[in-house]
Amino acid sequence: MRSAIVVAALGTGLFADGYNVANTVPNILYILLVGGALNSVLVPQLVRAARRDPDGGVAYTDRLVTAVCTLLLVLTTITVVCAPWIVSAYAHFEGAQRNITVTLARYCLPQIFFYGAFALLSEVLNARGKSGPPAWTPILNNIVVIAVFAAYLAVARGADDAGDVTPDQLRLLGIGTTLGIVVQASTLLPYVREAGVRLRPRFDWRGHGLGAPLRMAGWAVAMVGVSQLAYWLTTRLAATVSERAARDGIGHGVGYTAYANAQLLWIVPHGVVTVSLATMLMPRVSRAAADGELEAVRAYIARGLRFNAAAVVPCAFVFLALGPQITAVVFQHGATDAADTRAMGLMLCAFAPGLIAYSAGYLIQRGLYAVQDARAPFWANVAMAATCSALSVGAYLTLPLRWSVTAMAAAYSLSQVVGLVWMAAVLRRRLGHLDSASVIRTHLALGTASAMAAAGSWVLAAICVRELGDGPVGATVALGLGAAVFAALAGPVVLPTLKAPRRAPTRPARQTTRAPGRHRG
């Protein structure tokens, strides 16, 4: 709903690109500077501190929260001041287009602090087994943004060009978007107190065990830096395609906004299923790794991969078969037309195969962090970034404008496969084995059933579009019938996997053998 109303209000042209660049840059910079470290290394370190320290890790948590919040505040201030240069780094906009993008960026860049605060409080709760609030509070963010864009549609109907937007309308978009993440982060505070955590500022950072997480955080930040460098290149190329398409008279979105919206839909199953699953598993995996119980670590990760596949594999094939119909139903409203949503749908199809590798790699990466190996994810991301960047540049230089950004989405998918293979090989070596045969069998069975179901869905959807057209009505009927056919054909294979026993993996008596590579990084 959030995605649909944003596209309905802004369309997929240059003004939409300006908003998306301004709103995406805070997320990129947050992830680049501290987000990768917060989301990957904090839970294992907080779990270890709780089991190691006499006070249950209270002082350690206070010091870590104080240090990270101080860093976030400094970084946010610097980025707001440097907004014009940051915008120039991501998009070569000029005139009114550049001015509104810089203005929106100044309103949106404070999100860096609140993204960090949300991640920090979420990890504190996750380490204490309270994974519910971090899972549902992003809904509040979406509700706020939906309300903001509904208000914008009411007061600025037809203002879909940089020259038509007033300063008050820019403030509504920028401040309203940032307000969403403020609400999302601040809502966690009562739950942190309910979990028994009374956060107090502590600046005595030296000599209290912060060295290990900082070293691992260094590898995590370097890893994210590499991946975001590749993302920056894709953003720059896609934004350039938007400008060239506008000059050449291509009336539908084939550039950055289409890419970003397709990727946003593509990531939904990962956010709903994989991230939630990792949030529940990570404290257990971290405790097992801290106790040297490698068999339990292997069992948790393998079980997570199998369960995750039961949801993610079918979703990937649904995207592949019904991508244009999905984007038409979600986005073909307001300022967008059938050509816009078809371009986005084809990009969603190109992204689709990478969803399986991306989500599996996410879980495996968390397993590597649990055994304190931060180097392997870094080098895997180097390989992924190199693959994606090389293929994206090749697509930009050789393909027509209508297809170059779609090929960049396919390049991103292929790069995820490279990263998955790399990290799975390393984790298997760290743990001795990973129950690979069972995990692969599950993926193959689900993939085969989903491929056959996708073929049937695609044929039925094509017939519906031919008879009813590619407008919202035809797309809705095609999507509904196609999804029903897919569920009927793939369900008999998918449902038994989802109904796997919920019994926790057996944790053997504590081993004295340390996890291989446990103190790396």
Side-chain angles (χ1 to χ4, degrees), residues 1-4 135 138 142 259-281 303-331 341 344-364 406 409-410 412-417 419-420 439-461 475-476 478-500:
M1 290 176 63
R2 170 182 173 149
S3 302
N142 290 329
Y259 181 97
N261 285 323
Q263 191 176 46
L264 187 60
L265 283 180
W266 172 80
I267 205 70
V268 167
H270 171 83
V272 173
V273 178
T274 311
V275 173
S276 301
L277 187 60
T279 298
M280 291 185 289
L281 283 178
R303 184 180 175 206
L305 289 169
R306 290 193 297 268
F307 191 86
N308 180 70
V312 169
V313 171
C315 286
F317 280 91
V318 168
F319 288 159
L320 189 63
L322 303 173
Q325 288 73 47
I326 293 171
T327 53
V329 170
V330 175
F331 294 125
T341 58
M344 284 187 276
L346 294 175
M347 291 182 195
L348 181 58
C349 293
F351 273 121
L355 178 63
I356 301 168
Y358 181 80
S359 294
Y362 184 90
L363 292 173
I364 289 174
T406 303
Y412 185 83
S413 286
L414 182 59
S415 72
Q416 299 307 312
V417 178
L420 171 63
V439 172
I440 292 172
R441 280 197 304 271
T442 299
H443 279 77
L444 287 176
L446 290 167
T448 301
S450 297
M452 292 189 293
S457 299
W458 181 84
V459 170
L460 182 58
T476 300
L479 179 59
L481 293 178
V485 168
F486 188 97
L489 295 177
V493 176
V494 174
L495 290 178
T497 308
L498 286 172
K499 294 179 180 178

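The analysis underlying the following values was restricted to heavy atoms, covering all of them including side chains, and did not include hydrogens, waters or symmetry mates.
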(Q) Does T274 form a side chain to side chain contact (heavy atoms under 4.5 Å, CB included) with Y358? I'd like the steps, not just the answer. (A) CA-CA 10 Å; T274 311; Y358 181 80; over 6 Å; no
Tabulate below the donor-acceptor pairs under 3.5 Å that side-chain atoms of residues 315-327 make, not counting sequence neighbours, or state none.
| from | atom 1 | to | atom 2 | distance (Å) |
| --- | --- | --- | --- | --- |
| T327 | OG1 | G323 | O | 3.2 |
| T327 | OG1 | P324 | O | 3.1 |
| T327 | OG1 | T341 | O | 2.7 |
| T327 | OG1 | G345 | N | 3.3 |

Q: Kindly determine whether I364 and L305 satisfy side chain to side chain contact (heavy atoms under 4.5 Å, CB included), including the steps that lead there.
A: CA-CA 8 Å; I364 289 174; L305 289 169; 4.2 Å; yes
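- Between L363 and A278, the shortest heavy-atom distance links the atoms CD2-CB, 3.8 Å.
- To the nearest 0.5 Å, the span separating CH2 on W266 from OH on Y412 amounts to 4.5 Å.
- Summarising the geometry of V313 relative to S450, their closest heavy-atom pair is CG1-OG, 4.0 Å, with the distance given to 0.1 Å.
- Applying the salt bridge (charged side-chain N to carboxylate O under 4.0 Å, His left out) rule to pairs touching residues 306-330 yields R306-D435, sequence neighbours excluded.
- For A135, there are no side chain to side chain contact (heavy atoms under 4.5 Å, CB included) partners two or more places apart in sequence or in a different chain.
- Looking at every heavy atom in both residues, S457 comes nearest to G482 through OG-O, 2.8 Å.
- Note: F486 CZ to L460 CG = 13.5 Å, rounded to the nearest 0.5 Å.
- Here the closest non-hydrogen pair linking A449 and A490 is O-CB, 4.3 Å.
- Considering all non-hydrogen atoms of both residues, G491 and P496 come closest at O-CD, 4.0 Å.
- With hydrogens and angles disregarded, a donor-acceptor distance shorter than 3.5 Å links the side chain of S413 to the backbone of A350.
- Residues N308 and Y362 form no side-chain contact, since every pair of their non-hydrogen atoms from C-beta on lies 4.5 Å or further apart.
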Show me the donor-acceptor pairs within less than 3.5 Å that the side chains of residues 440-447 make with the rest of the protein, sequence neighbours left out.
| from | atom 1 | to | atom 2 | distance (Å) |
| --- | --- | --- | --- | --- |
| T442 | OG1 | S438 | O | 3.0 |
| H443 | ND1 | V439 | O | 2.9 |

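- The two residues S276 and V272 have their closest heavy-atom pair at OG-O, 2.8 Å.
- Looking at residues two or more places apart in sequence or on another chain, you find a side-chain hydrogen bond (donor to acceptor under 3.5 Å, both in side chains) between H270 and S359.
- Atom CG in L264 sits 11.0 Å away from atom CE in M344 (nearest 0.5 Å).
- With rounding to the nearest 0.5 angstrom, the CD atom of Q416 is 12.0 Å from the CD1 atom of I356.
- Rounded to the nearest 0.5 angstrom, L277 CG and F307 CZ are separated by 7.0 Å.
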